[in-house]
Amino acid sequence: MTRETLISLAIVLALLAIPLWATAAGETFYITLATRMAILALAAVGLNIALGLGGLVSFGHAAFFGIGGYAAGILASHAFNMEPLPFGLPGTNAMPVIWIVAIVASGLVALAIGAISLRTAGVYFIMITLAFAQMIFYFAISWPAYGGEDGLSIFVRNQFPGVNTLNGLSFFFVCFTLLIASLGLFSLLRASRFGAALQAARQNEQRLATVGIAPYRIRLAAFVISAMVTGLAGALFADLNRFVSPSMLSWHMSGELIVLIILGGVGRLAGPVAGAMLYVAFEYFLGGITERWQLFLGLLLLAVVLFARGGVVGLLAGKARHG
Amino acid sequence: MLLEVSGIETFYGASQALFGVDLSVAEGEVVALMGRNGMGKTTTIRSICRLNPPRKGRIAFAGRDIAGLRAFRVARLGIGLVPEGRRCFPNLTVRENLVAAARTGQWTLSRIEALFPRLAERRDQFASTLSGGEQQMLAIGRALMTNPRLLILDEATEGLAPVIRRDIWTSIRTLKAEGQSILVVDKTMAELLPVADRCTIIEKGRTAWTGIPAELTDAIRDRLLGV
């Protein structure tokens with residue numbers, strides 16, 4: 001077992017320990033906090049596939065996070081009000097169905113956005129992904145059927161067969177399991193031929209072309225997979241807050257996901273988990289002391305970028321593999 | 001003919017680098033592409049791989065005109081390039097470098113590792129940590145992993161220690177014995193000529209001479225290859 005594997009395991013176990021401790025201590029609020037960490041980590045694991053492995057700085061991943069959220073919100077509200085969706089399809093409050101819808105919808109939108117954005121590179125790619133996300137953001141704001149600017153409430157948390165999702169700890173385990181699955185997916189991708197080609201594309205496109213691989217297709221596939229994972233996280237986030245609003249689609253959210261990854265370690269397996277834990281802890285503990293907590297987050301980010309380019313994982317596990 | 005290049009003219013922006021290069025490689029043949037520095041050897045290779053597509057002339061591979069194809073398509077047709085300067089993917093491991101390039105055929109990871117045992121020893125190391133010679137072996141291995149019908153070696157032994165050069169020439173001879181078609185650019189005549197079935201010399205962006213190594217007289221050498 002390498003040092004990085006051990007560190008990754010420790011980080012994931014630390015996340016698992018929070019709600020267990022909170023349950024024992026009767027501090028149920030911390031279960032919600034840990035669930036928030038797990039969901040943001042899941043969203044960032046998704047972005048880490050594009051950003052960490054493919055070097056694709058997507059500044060529009062909030063679009064997929066929000067689409068996942070709206071998938072949960074819209075399906076649940078139709079089920080709650082017993083109104084059919086267009087084409088007479090029923091709404092649903094079953095999480096597995098909602099997840100599939102969230103994943104498919106995010107994937108399809110990513111396919112369209114990626115097909116256009118990936119023809120550009122560098123700062124243009126950043127700007128074009130941002131532009132697409134903003135289009136979706138303004139669309140959600142001006143869509144009164146689903147709450148427009150005010151957002152959409154989910155009155156009762158959606159159901160998962162055999163699990164009481166209203167129980168905070170149970171819902172945490174649902175999110176945590178999906179996070180572990182996403183980490184498994186990330187490892188598999190990184191170790192596969194696809195992952196090697198994706199990382200190679202980031203290093204040198206022309207060299208990759210001379211071995212017969214089209215960088216564009218590899219990147220598009222990575223972008224779509226990345227969006228699907230982030231979309232799934234969005235559906236869980238909506239269920240956690242029992243509320244969806246356009247803020248999930250805003251560019252702040254995209255920035256937040258990038259910040260999580262940089263804090264934790266770009267391209268590192270447990271980077272997004274460490275980043276999400278640190279971010280949420282900062283938001284909560286410093287946020288309780290001062291409204292200007294983001295100033296301190298900024299300083300921390302500055303320190304990481306200047307002195308610890310591999311993020312928290314890089315700091316603990318040694319030389320950053322990707323940089 | 002496996003590869004047939006006729007009258008190609010290639011430009012870098014406004015400046016013309018090739019003024020009419022003719023070249024051919026038959027199935028199973030090893031052709032040496034020679035010429036002094038700056039005469040257009042690498043540009044010819046970049047034109048064939050369509051990294052710098054020519055503006056005029058024709059390149060046919062396995063009977064098919066490759067005009068208009070993107071570089072990755074040309075590679076898929078079966079042209080494997082070992083670029084000048086041992087260009088690997090530095091932040092991938094040796095194994096990842098090889099696996100990323102893999103296409104089905106007789107060349108597999110285990111066969112590459114048998115050809116270059118040093119790569120097997122360094123399998124999980126990052127390419128950036130390899131010595132120059134090992135990186136060159138990796139670059140050749142990566143090109144072979146695509147199972148090319150034609151292998152192109154651009155300055156495969158340049159700047160390497162004599163011991164390593166010998167190893168690489170040995171593997172090139174092994175490849176030739178197995179019937180691999182090769183187009184090779186190199187400066188070490190003593191090694192290159194015994195391996196080559198034919199030679200093509202380019203001068204100032206034009207094919208100046210083509211023939212078998214035995215016909216390469218001192219007069220031609222002095223005129224086209226002397227410094």
Side-chain angles (χ1 to χ4, degrees), chain A residues 1-5 48-49 51-56 118-119 121 186-222 265-269 271 309-310 313-314 317-323, chain B residues 45-46 48-53 69-105 107 109 124-129 135 138-152 154:
Chain A
M1 208 183 264
T2 66
R3 192 182 161 89
E4 176 157 359
T5 317
N48 207 18
I49 294 171
L51 178 65
L53 299 183
L56 304 169
L118 288 166
R119 295 185 187 280
F186 184 87
S187 308
L188 276 178
L189 282 179
R190 189 164 67 174
S192 69
R193 177 175 176 237
F194 171 82
L198 182 61
Q199 294 175 70
R202 193 191 61 201
Q203 288 166 25
N204 193 313
E205 266 187 48
Q206 209 174 60
R207 254 173 253 174
L208 192 64
T210 65
V211 295
I213 298 172
Y216 176 76
R217 292 181 194 186
I218 295 270
R219 287 188 175 138
L220 185 57
V266 178
R268 313 296 284 255
L269 175 64
R309 307 259 323 246
V313 175
K319 187 182 172 294
R321 186 197 150 129
H322 305 275
Chain B
I45 283 170
R46 290 180 63 85
I48 295 169
C49 297
R50 292 193 63 82
L51 294 169
N52 270 87
L69 292 189
R70 308 258 298 276
F72 80 92
R73 291 270 174 215
V74 174
R76 282 190 195 179
L77 285 179
I79 298 184
L81 171 67
V82 180
E84 197 180 4
R86 320 162 201 139
R87 305 220 164 101
C88 305
F89 299 112
N91 294 351
L92 295 187
T93 64
V94 168
R95 196 188 138 274
E96 286 170 338
N97 260 279
L98 294 172
V99 169
R103 306 186 71 75
T104 46
W107 286 103
L109 195 59
D124 294 316
Q125 251 173 267
F126 290 115
S128 56
T129 66
Q135 288 190 25
L138 181 56
I140 297 175
R142 191 183 61 195
L144 287 173
M145 283 296 277
T146 67
N147 280 288
R149 290 181 68 181
L150 172 68
L151 180 67
I152 301 182
D154 192 1

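None of these values were measured; they are calculated from a predicted model. We name chains A, B, ... by the order of the sequence lines, and we start the count at 1 in each one. Because only heavy atoms are used, hydrogens play no part in the values below, and waters and symmetry mates are left out as well, while side chains stay in.
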Item to check | Heavy-atom check, side chain of Gln206(A) versus side chain of Leu51(B), under 4.5 Å | outcome: yes

Checklist outcome for this item: Okay, Leu198(A) and chain B: the region with an atom under 4.5 Å from a heavy atom over there is neither

Item to check | Partner set under side chain to side chain contact (heavy atoms under 4.5 Å, CB included) for Thr129(B), not counting sequence neighbours | outcome: Gln125(B), Phe126(B)

Checklist entry - Under a 4.5 Å cut-off applied to non-hydrogen side-chain atoms, are Arg207(A) and Phe89(B) in contact? => result yes

Item to check | Choice from Cys88(B), Ala101(B), Ala100(B), Cys49(B) maximising heavy atom contacts with chain A below 4.5 Å | outcome: Ala100(B)

Checklist entry - Side chain, backbone, both or neither: which part of Ala143(B) has a heavy atom under 4.5 Å from chain A? => result neither

Checklist entry - If we only count heavy atoms from C-beta on, is the Thr210(A) to Arg87(B) side-chain gap below 4.5 Å? => result no

Checklist outcome for this item: d(Arg190(A) CZ, Glu96(B) CD) to nearest 0.5 Å is 8.5 Å

Item to check | Per-residue contacts, residues 76-85 of chain B versus chain A, heavy atoms under 4.5 Å | outcome: Arg76(B), Ile79(B), Leu81(B)

Checklist entry - To the nearest 0.5 Å, what is the distance between CG (Asn91(B)) and CG (Asn204(A))? => result 12.0 Å

Next on the checklist: Nearest 0.5 Å, please: how far is CG in Asn97(B) from CD in Gln199(A)?
Outcome noted: 10.5 Å

Next on the checklist: Please classify the contact of Pro148(B) with chain A as side chain, backbone, both or neither, using a heavy-atom distance under 4.5 Å.
Outcome noted: neither

Checklist outcome for this item: Closest non-hydrogen atoms of Ala75(B) and Gly212(A), given as atom of the first, atom of the second and distance, are CB-N, 3.2 Å

Item to check | 4.5 Å side-chain heavy-atom contact, Arg142(B) and Val211(A) | outcome: yes

Next on the checklist: What part of Arg73(B) gets within 4.5 angstrom of chain A, counting heavy atoms only: side chain, backbone, both, or neither?
Outcome noted: side chain

